Amino acid sequence: VRDGATLTRAGRTSRAGTKAGRIVRLVRLIRILKLYKHWTKSKKKYDDDAPIIEAEIGSESRVGQKLSDLTTRRVIVGVLLMLFILPLFEYSTYTERLTLMEGGLEMVEQTHKFSDPAYLNSTDSGGDDGGGAVLESNLTGFFSAMDSYVRNTDGKLYWINIQGVNYSDHYNISGANHRLLRGVEFEIISTGTSFAKFDLRADSIMQALLSISQTVFICLILGLGAMLFSRDAHNLVLLPIERMIKKVRDMSENPLQKQGNLLDNGVGKQDSEQFETKILENAFSKICSLMAVGFGEAGAQIITENLKNKGELDAMVPGKKMVAIFGFCDIRQFTDATEVLQEGVMEFVNSIAQIVHMEVALHGGSANKNIGDAFLLVWKFPGEATMHDVTAVTTQQPGPDGLAIQTDKMSKINHVADKALATFVIIMAMLKKSARLRSYSQNPVLNLRIPNYSVQMGFGLHVGWAIEGAIGSEYKVDASYLSPNVNMASRLEAATKQFGTPLLLSEDFANILSDRTREKCRQIDVVTVKGSTLPMGLYTYDVDLTKMDLDMGDPRYAVDNDPEAFTESERRYKDEFEEHPDITMTRGWTPEFLAKWRTGFQAYKAGSWEKAREIIKECASMKRSSTGEVIKDGPSQSLLRVIESYNGQAPPNWKVYRELMEKCIED
């Protein structure tokens with residue numbers, strides 16, 4: 001019995017040793033983790049203390065450093081993970097090797113030797129007085145040891161021979177056919193005189209399953225590692241390149257689209273703290289935005305063709321004929337302002353340009369050229385509108401295909417024209433609302449040069465065809481429009497000084513306005529210009545800026561505020577001329593005034609200049625300011641000068657129009 005207990009204790013000791021080995025391995029893993037943590041802390045401290053120096057050629061980039069750090073961390077984590085998990089795929093982790101196979105067999109052999117009568121006689125342990133009792137006790141110990149040995153082999157023992165005696169049949173353990181077992185499916189334990197055979201088929205199957213699982217696990221680890229490594233490279237290198245390629249593709253399709261700022265991977269950091277790919281990507285985005293701003297809508301084709309073309313740069317892209325509304329505006333008394341403001345004139349011009357460009361963009365137009373004190377603005381019609389479509393709207397005649405222009409297309413053309421006119425009216429109000437521009441009226445030097453100075457502009461609007469494309473050479477290119485119609489918009493703006501009104505519209509433009517908007521305009525003359533025999537009607541929309549009632553305490557009108565803070569154009573209106581505050585508040589006409597003016601103007605065109613003079617004189621004094629003072633009407637004064645130059649009588653060859661020879665409306 002003592003031998004059996006010893007055998008059991010030996011088995012327990014073996015299992016305890018195995019568990020202790022596992023604990024030792026775990027302690028080693030923890031120690032490695034602590035060393036890695038200490039290394040990362042020391043590295044971070046070194047990085048924080050190290051001075052920031054400029055990157056030199058050949059030095060490792062921040063992207064490379066990041067990839068190296070990520071790779072090192074992932075490799076360390078992967079190795080630790082494998083060291084910790086791989087023992088789980090070893091069979092000994094779950095089933096201890098039968099350590100009693102050898103030691104237990106030796107102990108059984110020893111107990112068998114003690115139960116041998118010959119051995120007892122040789123040691124004088126079997127005297128007459130107690131030999132039988134000792135032999136019986138030793139036999140009992142032997143079979144107890146054998147029972148414990150067989151029991152502790154978990155049924156794997158299938159043949160045992162102790163010093164030439166086969167005990168397999170005695171314990172009924174001959175279940176396995178030794179001849180059918182492969183070499184890995186059995187194990188023979190021998191002490192020299194005793195032998196034991198063990199069936200390891202279950203162990204072999206379990207070990208095979210664990211080996212397969214281990215292979216699958218290693219494949220997963222390798223696959224996961226490869227995926228993580230490639231993801232790092234993709235996020236830090238490939239993804240920014242793909243985004244830049246997408247920007248090129250998007251810009252080739254729509255050069256005017258707004259380029260958004262990237263907000264990931266280092267927002268708010270200085271360039272010295274950002275990844276090189278991020279800096280490059282942001283720079284590329286800025287370049288795309290600058291191209292869109294620099295070339296404008298007229299240069300969209302230049303950008304598109306060159307981005308799609310894989311050859312050399314070719315900025316001289318052939319022009320394209322198009323139809324649009326052309327607006328021209330000019331800053332009044334700019335020469336005097338430039339001489340007074342000197343270096344400050346750039347801020348002065350840019351403050352005005354910000355208002356002009358913003359309102360044009362909010363009303364569907366685009367700024368094309370900034371010519372010092374003047375701006376060329378363009379409103380394109382949606383779709384492929386042609387001059388035939390515009391002519392059909394202005395003359396209400398069938399188009400070239402014999403059919404009247406569709407109502408939908410007509411309404412779109414009317415809508416764009418209304419937007420263009422509303423833009424210029426709102427710009428006039430915005431110039432007065434801007435506290436930054438009002439501050440120039442308080443400049444003592446400027447007021448000494450120009451008494452009661454205020455920022456004012458003149459505006460001209462015309463519609464027609466033009467050639468859109470690149471103007472210049474390979475040294476310098478401007479994307480703009482060439483056409484007599486573009487020049488006509490400039491002429492109209494110049495003629496505003498002669499007619500005493502800030503805004504002049506051509507008859508072609510007035511005719512494409514919607515009916516309700518055209519009713520708010522008035523025709524002020526019919527003229528022919530130098531180089532043309534076709535008469536052109538001139539129109540205006542009356543604006544009275546003295547009616548603007550601004551609350552100077554409103555924080556929106558602070559000097560430092562940009563125009564976006566006080567514009568009313570970001571809201572949507574069904575009819576801007578009836579709803580937009582800047583238009584309704586500055587309305588410079590009344591139905592009575594327009595009715596009387598039209599009566600007088602009809603008399604002027606009919607040749608009844610005496611009658612026209614009397615009516616127009618009344619119109620000249622009908623306008624009143626918010627304080628009740630008479631506001632001189634520029635178009636009335638201009639037309640009265642024409643009538644007076646002919647002593648109040650129409651010329652004998654009066655053709656309803658006159659030739660305008662003044663230089664301000666010529667080339």
Side-chain angles (χ1 to χ4, degrees), residues 3-4 6-26 79 81-113 142-224:
D3 294 336
T6 303
L7 210 59
T8 302
R9 284 195 299 272
R12 291 175 181 173
T13 303
S14 174
R15 288 191 291 271
T18 303
K19 292 179 180 179
R22 295 178 192 167
I23 293 174
V24 169
R25 286 199 297 268
L26 183 60
V79 171
L81 189 65
M82 294 183 70
L83 288 175
F84 186 73
I85 295 181
L86 283 181
L88 299 178
F89 297 104
E90 296 180 4
Y91 184 65
S92 60
T93 303
Y94 307 98
T95 302
E96 301 169 2
R97 188 181 184 277
L98 297 178
T99 55
L100 296 181
M101 287 181 178
E102 297 178 4
L105 184 62
E106 291 177 356
M107 295 179 66
V108 169
E109 186 181 40
Q110 289 296 325
T111 57
H112 184 270
K113 184 186 298 183
F142 165 71
F143 283 108
S144 176
M146 273 292 290
D147 292 340
S148 179
Y149 184 67
V150 172
R151 185 171 59 253
N152 282 283
T153 57
D154 297 332
K156 297 178 180 179
L157 180 66
Y158 68 90
W159 186 84
I160 186 169
N161 186 297
I162 305 299
Q163 293 181 337
V165 181
N166 189 348
Y167 289 94
S168 301
D169 295 334
H170 177 77
Y171 285 96
N172 194 23
I173 56 175
S174 57
N177 189 341
H178 182 73
R179 296 180 180 179
L180 299 179
L181 298 179
R182 296 177 298 164
V184 296
E185 295 179 341
F186 69 90
E187 184 174 358
I188 299 176
I189 303 299
S190 173
T191 63
T193 58
S194 299
F195 303 89
K197 297 180 180 179
F198 296 88
D199 184 358
L200 301 181
R201 283 179 294 182
D203 293 357
S204 178
I205 294 174
M206 185 63 178
Q207 184 62 53
L209 293 175
L210 289 174
S211 297
I212 294 173
S213 301
Q214 184 183 53
T215 302
V216 172
F217 170 74
I218 293 175
C219 291
L220 289 176
I221 288 293
L222 293 177
L224 181 61

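Every value quoted in this text rests on a predicted model; they were computed, and no experiment measured them.
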If you measure from [atom1] on [X] to [atom2] on [Y], what distance do you get to the nearest 0.5 Å?
| X | Y | atom1 | atom2 | answer |
| --- | --- | --- | --- | --- |
| Leu105 | Leu157 | CG | CG | 9.0 Å |
| Phe142 | Asp147 | CZ | CG | 9.5 Å |
| Ile218 | Ile221 | CD1 | CD1 | 9.0 Å |
| Phe186 | Phe198 | CZ | CZ | 13.0 Å |
| Ile162 | Met146 | CD1 | CE | 5.5 Å |
| Met107 | Thr191 | CE | OG1 | 13.5 Å |

> Checking side-chain contact (heavy atoms from CB on, under 4.5 Å) for the pair Arg182/Ser204: CA distance, chi angles, key distance, verdict?
Replying inline: CA-CA 10 Å; Arg182 296 177 298 164; Ser204 178; 4.3 Å; yes

Locate the shortest heavy-atom distance separating [X] from [Y]; write the atom from each residue and the value.
| X | Y | result |
| --- | --- | --- |
| Ser148 | Asn152 | O-ND2, 2.6 Å |
| Ala145 | Thr111 | CB-OG1, 3.9 Å |
| Asp199 | Glu185 | OD1-O, 3.5 Å |

>> Would you say the rings of Tyr167 and Tyr149 are close, in the sense that their centroids are separated by under 6.0 Å?
In response: no

>> With side-chain contact (heavy atoms from CB on, under 4.5 Å) as the criterion, how do Leu200 and Leu181 come out once you've worked through the C-alpha distance, each side chain's angles and the decisive distance to 0.1 Å?
In response: CA-CA 9 Å; Leu200 301 181; Leu181 298 179; over 6 Å; no

>> Pair Gln207, Asp203 - check side-chain contact (heavy atoms from CB on, under 4.5 Å), show working.
In response: CA-CA 6 Å; Gln207 184 62 53; Asp203 293 357; over 6 Å; no

> When the ring planes of Trp159 and Phe195 are compared, do they come out parallel, tilted or perpendicular, using 30° and 60° as the limits?
Replying inline: tilted

>> One pair to check against side-chain contact (heavy atoms from CB on, under 4.5 Å): Leu210 and Met206. What are the steps and the verdict?
In response: CA-CA 6 Å; Leu210 289 174; Met206 185 63 178; 4.2 Å; yes

